[in-house]
Trainee: 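Before anything else, here's the structure in question.
Below, read A as the first sequence line, B as the second, and so on, with proteins coming before strands; counting in each chain starts at 1.
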Amino acid sequence: KAGVTQTPRYLIKTRGQQVTLSCSPISGHRSVSWYQQTPGQGLQFLFEYFSETQRNKGNFPGRFSGRQFSNSRSEMNVSTLELGDSALYLCASSALLANYEQYFGPGTRLTVT
Amino acid sequence: SQQGEEDPQALSIQEGENATMNCSYKTSINNLQWYRQNSGRGLVHLILIRSNEREKHSGRLRVTLDTSKKSSSLLITASRAADTASYFCATDAHPGVQGAQKLVFGQGTRLTINP
């Protein structure tokens, strides 16, 4: 099986812009979770989608949003980018439940200038 | 604050030695997982231990779980240079819709294996 893929791998944006990141889970996996990783805050949970429904969300402002399509692919969007949004954004998929074994993609490195 | 806290934050040992990392958490859990991350890359799942299990092995990895102390340890035996990475524990917490759990990660232990 192909692993979790994320596009793009690297992205440079300026403050105030918006960005959309994409994640394709492992075939057959219906749960997709997103995480933000920074040196200061570590790995923080953003949200989880299952069958196109957001099942759980972390403590992030409304500028962070996501969605999942019928083929389980997921996107996350960050609007009005701030310098502090610079991070590695990781997507992970699991077969059914987000608290079981998760398979991570390589991440998207976002730099906001 | 993070649900899981790893200790130590950094560990440097010689190749061939054993490495032990600890994780403490705050609330009751269904399971606890350990992941490895090589620099700037995605995480790789190592092992999952359920709350009713006390010990689990996988190759050179041994994980213990003490729910009374809310702590877990990861032991890597006969370490190799390729084991150099950051290691994270993750616990499930905070039910969302339909009781769905999410994973909460600790800050990680940076392990360096010196040849």
Trainee: Please check if the number of heavy atoms outside B/Leu75 that lie under 6.0 Å from its CG is greater than 12.
Mentor: yes
Trainee: Please say yes or no: joined through hydrophobic side-chain contacts below 4.5 Å, possibly via intermediate residues, are B/Leu11 and B/Val63 part of one cluster?
Mentor: yes
Trainee: Apply side chain to side chain contact (heavy atoms under 4.5 Å, CB included) to B/Leu103 and A/Tyr35, showing your working.
Mentor: CA-CA 10 Å; B/Leu103 285 187; A/Tyr35 298 86; 3.5 Å; yes
Trainee: Look at atom CD of B/Gln9 and say whether more than 12 heavy atoms of other residues, nucleotides or ligands are closer to it than 6.0 Å.
Mentor: no
Trainee: Assigning hydrophobic clusters by single linkage (Ile, Leu, Val, Met, Phe, Trp, Tyr; side-chain heavy-atom cutoff under 4.5 Å), is B/Phe105 placed with A/Phe60?
Mentor: no
Trainee: Indicate, with yes or no, if A/Leu110 and A/Tyr10 share a hydrophobic cluster defined by side-chain heavy-atom contacts under 4.5 Å among Ile, Leu, Val, Met, Phe, Trp and Tyr.
Mentor: no
Trainee: Nearest 0.5 angstrom please: B/His45 NE2 to A/Gln102 CD, how far?
Mentor: 9.0 Å
Trainee: Less than 4.5 Å apart, side chain to side chain, heavy atoms only: is that true for A/Phe45 and B/Val104?
Mentor: no
Trainee: Please check if any side-chain donor atom of A/Gln37 sits under 3.5 Å from a side-chain acceptor atom of B/Gln37, or the reverse.
Mentor: yes
Trainee: Please determine whether the number of non-hydrogen atoms from other residues, nucleotides or ligands lying under 6.0 Å from atom CZ of A/Arg15 exceeds 12.
Mentor: no
Trainee: Check the surroundings of atom CZ in B/Arg110: do more than 12 heavy atoms from other residues, nucleotides or ligands lie under 6.0 Å from it?
Mentor: yes
Trainee: What about the rings of B/Tyr35 and A/Phe104, do their centers lie closer together than 6.0 Å?
Mentor: yes
Trainee: CZ of B/Arg80: more than 12 outside heavy atoms within 6.0 angstrom?
Mentor: no
Trainee: Mind checking which of residues 67-77 of chain A sit less than 4.5 Å from chain B, heavy atom to heavy atom?
Mentor: none
Trainee: Is there a chain of hydrophobic side chains (I, L, V, M, F, W, Y, each step under 4.5 Å between heavy atoms) that links A/Trp34 to B/Phe88?
Mentor: no
Trainee: Between B/Leu48 and A/Glu101, which heavy-atom pair has the shortest distance, and what is it?
Mentor: CD1-N, 4.0 Å
